[in-house]
Number of protein chains: 2
Amino acid sequence: MVKAVLPGRPARGSKSGRPIMALLDLLGRRWTLRIVWELREEPLRFRALQDAIGASPTIVNSRLAELRTARLIELDDEAGYRLTSLGQELLRLFLPLHLWSEKWAKAIAP
Amino acid sequence: MVKAVLPGRPARGSKSGRPIMALLDLLGRRWTLRIVWELREEPLRFRALQDAIGASPTIVNSRLAELRTARLIELDDEAGYRLTSLGQELLRLFLPLHLWSEKWAKAIAP
DNA sequence: CGCATCGCTACATAAAGTGTAGCATATGGA
DNA sequence: TCCATATGCTACACTTTATGTAGCGATGCG
């Protein structure tokens, strides 16, 4: 049983159902951001993805199901799990985080 | 007891300690993204923030502590909790999500 | 057949989040 | 002085979510 996170339906912790809230709710779940991140360069199979992030198969499967329902990833029989075009758009918004995180690291270094 | 999320120390679920992983780990915790989002326009006091997101004070306090340790927010006695300059930089990277989420909503609408 | 790989499920245990009550401190009247 | 209010925050029992390990059914290959 998968709780779909879709705009239009109230997100966990929010009654509004506004797209931004649904999105923040989806991305705020453990491993979700990480999964999208791991798929940034190439598709990965279920087990490869699981190994890459080091989470349990149970939760990996849940997150994959949620991300598929949200049409951010899809399962290609040949290649494995990969970002959809929507997912790639989202990733593009997140790519600047990589560089910024380095700056952040230096800024708060002891 | 607060588990600090800082680059240099391995993030939850990752042994690398790479800044991007630490950041994804921090932001992937429930309510964290939402809190940063709620502080985008003006500082909020503890209770105002709690009411805005509808989470328990326990977890709000945990997330605030983590975000303060990560130097993304700070507590000003006059104004309340607000983004630091680092936090504002991070928020700027996230602002495009707002618009994109609307597009996403339309794309996956039934 | 035997063996490997695929996505995925079962299930007991541990960790994380919830909801409600309330504490300690400070401030500002009456 | 006493009361009320607001501050950030803590305690604690309860529920939800995630972990770790084992293994299932299907598919392909020799």
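Just so we're on the same page: letters track the sequence lines, and every chain starts at 1. As the structure is a prediction and not an experimental result, all values here were calculated from the model.
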Phosphate OP1/OP2 of D:dT17 contacted by A:R63 side-chain N/O (<4.0 Å): no
C:dG17 base / B:S62 side chain donor-acceptor hit below 3.5 Å: no
N/O (side chain, B:W31) to phosphate O (OP1/OP2, C:dT18) under 4.0 Å: yes
Heavy-atom side-chain contact between B:Y81 and B:R45 under 4.5 Å: no
B:R30 vs C:dT18: side-chain N/O to OP1/OP2 distance below 4.0 Å: yes
Pair A:R92 + A:E89: basic N to acidic O under 4.0 Å: no
Comparing A:T58 and A:L75 on DNA chain C - which has the more 5′ nearest nucleotide: A:L75
With A:F94 via ring-ring contact (aromatic ring centres under 6.0 Å, His included) - residues at least two apart: B:F94
Review item, nucleotides 22-29 of chain C N/O atoms under 3.5 Å of protein N/O:
none

Greater than 12 external heavy atoms within 6.0 Å of A:L99's CG: no
Residues within residues 81-88 of chain A bordering DNA chain D, heavy-atom distance below 4.0 Å: none
Proximal nucleotide (of D:dT19, C:dT18, D:dG8) relative to the B:S56 side chain: C:dT18
Any A:N61 side-chain nitrogen or oxygen under 4.0 Å from OP1 or OP2 of C:dG7: no
